[in-house]
There are 2 protein chains.
Amino acid sequence: MPSLSAKTPVFVPRVTKEYRSGADVFKALGHSSRLLIVDALAHGEQCVAHLTELIGCDISTVSNHLAVLRNVGIVADERRGQQVFYRLAAPCVTKVFACLEELRAARESNR
Amino acid sequence: MPSLSAKTPVFVPRVTKEYRSGADVFKALGHSSRLLIVDALAHGEQCVAHLTELIGCDISTVSNHLAVLRNVGIVADERRGQQVFYRLAAPCVTKVFACLEELRAARESNR
DNA sequence: GGCACGTTTGGCAAAATGCCAAAATATCAA
DNA sequence: TTGATATTTTGGCATTTTGCCAAACGTGCC
């Protein structure tokens with residue numbers, strides 16, 4: 001009697017494309033300035049000028065960082081008058097910092 | 001009459017060091033091979049040889065990828081006999097792929 | 001037109017990356 | 001001890017990426 005049920009759950013990898021686009025998302029988050037931006041936006045939308053003040057570098061640099069985040073869908077923008085407001089595009093991103101904290105705790109307990 | 005209650009919640013940035021170490025975690029995830037590793041480990045621990053077979057590159061390369069993930073506390077290793085088994089060090093990492101999916105959905109709805 | 005806000009582009013120097021190959025380390029077995 | 005197996009570490013290289021700024025451009029408002 002041949003058993004068709006697997007004993008151990010077999011891992012089926014996703015297609016390469018998925019890992020690549022996923023990695024792009026994390027690359028976008030893998031910069032301290034952009035992480036600061038995300039942290040700020042987790043508390044509500046902000047215009048570019050305000051974010052620039054927060055980060056303390058050229059506004060064109062900030063605009064480029066925002067483009068990186070927008071290209072992977074982490075943030076969304078909306079023009080209102082002369083200003084452009086940015087906000088997080090997906091709620092899950094907010095939980096990111098809690099996970100970072102969890103990792104930090106795990107790091108410390110293993111010391 | 002000076003109001004002491006803030007109307008809008010004031011965002012207080014964390015210290016730079018925190019953003020930097022957080023960014024390091026995302027940099028570690030920002031590579032398709034490492035993301036594949038994390039996806040595999042989300043289904044249970046694996047030894048290096050098995051992960052190497054999964055990825056299809058030199059074992060030393062895989063070992064280096066694992067070191068990157070270990071250095072930021074994403075994975076933990078345990079030697080059993082001649083083999084070294086790797087596993088995810090924090091549960092939250094498992095949710096990562098759900099969040100990627102959420103972002104992908106948000107990207108599509110905005111098209 | 002002129003000002004304010006933001007984006008795009010070009011360019012550069014520096015840093016990081018990914019990968020492999022070879023040597024080193026560790027465990028077990030004969 | 002010697003050898004086999006499994007993994008890590010190191011060195012080096014070529015490529016890619018990066019972050020940043022400055023200048024030019026686009027857009028909306030007065």
Side-chain angles (χ1 to χ4, degrees), chain A residues 16-17 19-41 45-87 89 110, chain B residues 16-17 19-41 45-87 89 110:
Chain A
T16 307
K17 190 179 155 190
Y19 291 115
R20 256 206 279 269
S21 70
D24 285 339
V25 171
F26 291 119
K27 279 180 200 163
L29 291 172
H31 187 282
S32 53
S33 295
R34 290 196 289 267
L35 210 47
L36 169 49
I37 290 175
V38 170
D39 195 19
L41 296 186
E45 62 171 19
Q46 304 280 349
C47 68
V48 180
H50 193 256
L51 290 171
T52 300
E53 184 184 359
L54 210 54
I55 295 178
C57 66
D58 199 277
I59 189 175
S60 70
T61 300
V62 174
S63 185
N64 276 310
H65 282 316
L66 287 167
V68 171
L69 292 171
R70 196 186 30 215
N71 284 338
V72 298
I74 291 177
V75 303
D77 60 336
E78 183 191 350
R79 164 154 240 143
R80 287 207 295 275
Q82 330 184 30
Q83 293 170 309
V84 178
F85 289 86
Y86 280 83
R87 59 178 165 76
N110 279 27
Chain B
T16 307
K17 190 178 156 191
Y19 291 116
R20 257 205 276 270
S21 70
D24 285 340
V25 172
F26 291 119
K27 278 180 200 160
L29 292 172
H31 187 282
S32 53
S33 294
R34 288 195 292 264
L35 209 47
L36 169 49
I37 289 175
V38 170
D39 195 18
L41 296 185
E45 63 171 20
Q46 303 280 349
C47 69
V48 180
H50 192 254
L51 290 171
T52 300
E53 184 184 1
L54 211 54
I55 295 179
C57 66
D58 199 278
I59 189 174
S60 70
T61 301
V62 174
S63 184
N64 276 309
H65 281 316
L66 288 168
V68 171
L69 292 171
R70 187 175 1 110
N71 284 338
V72 299
I74 292 177
V75 303
D77 61 336
E78 183 192 349
R79 165 154 241 143
R80 289 209 292 277
Q82 331 184 31
Q83 293 170 308
V84 177
F85 288 86
Y86 280 83
R87 58 178 167 75
N110 278 26

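All heavy atoms count here, side chains included; hydrogens, waters and symmetry mates do not.
As a whole-Å value, the separation of A:K27 NZ from C:dA16 P is 16 Å. Protein atom CG of B:N71 is 15 Å distant from nucleotide atom P of C:dA16, rounded to whole Å. Rounded to whole angstrom, the span from the CZ atom of A:R70 across to the C1' atom of C:dG6 amounts to 10 Å. Look at CG on A:N64: it is 8 Å from P on C:dT8, rounded to the nearest Å. In this entry the distance linking NE2 of B:H31 with P of C:dT17 reads 10 Å, nearest Å. Note: CG (A:L51) to C1' (C:dC5) measures 13 Å, nearest angstrom.
B:I55 CD1 to B:S32 OG: the interatomic distance, rounded to the nearest 0.5 Å, is 9.0 Å. In this structure, the separation between CG on A:N64 and OG on A:S33 is 12.0 Å, given to the nearest 0.5 Å. Summarising the geometry, atom CG belonging to A:N71 is positioned 9.5 Å from atom CG belonging to A:D24; distances are rounded to the nearest 0.5 Å.
Using a distance-only test at 3.5 Å, with no hydrogens or angles considered, no donor-acceptor pair links the side chain of B:R20 to the main chain of B:G22.
Side-chain contact between A:V38 and A:I74: present, with at least one pair of heavy atoms (C-beta onward) separated by less than 4.5 Å. With a 4.5 Å cut-off on side-chain heavy atoms, B:T52 and B:V48 count as touching.
Each of A:S60 and B:V84 was assigned the nucleotide of DNA chain D with the nearest heavy atom; the assignment lying further toward the 5' end belongs to B:V84.
Of the listed nucleotides (C:dG6, C:dT7, C:dC19), C:dG6 has the atom at the smallest distance from the side chain of A:A49.
Nearest heavy-atom pair across A:Y19 and B:L35 is O-CD2, 3.5 Å.
Close to C:dT7, at under 4.0 Å from its OP1 or OP2, lies a side-chain N or O of A:S63. Put simply, A:Y86 has a side-chain N or O that comes within less than 4.0 Å of OP1 or OP2 on C:dT7.
Using a 4.0 Å heavy-atom cutoff across all strands shown, A:F85 reaches no nucleic acid atom at all.
Note: A:H31 and A:H65 have tilted aromatic rings, judged against thresholds of 30 and 60 degrees for the angle between ring planes.
The only option from B:E45, B:E78, B:Q46, B:R70 that meets the side chain to side chain donor-acceptor pair (under 3.5 Å) definition with B:Y86 turns out to be B:R70.
Here chain B contacts DNA chain D (any atom closer than 4.0 Å to a heavy atom, that is under 4.0 Å), and the contacts span D:dT5 to D:dT10 from 5' to 3'.
Residues from residues 73-82 of chain B lying near DNA chain C, meaning a heavy-atom separation below 4.0 Å, are B:R79, B:G81, B:Q82 in numerical order.
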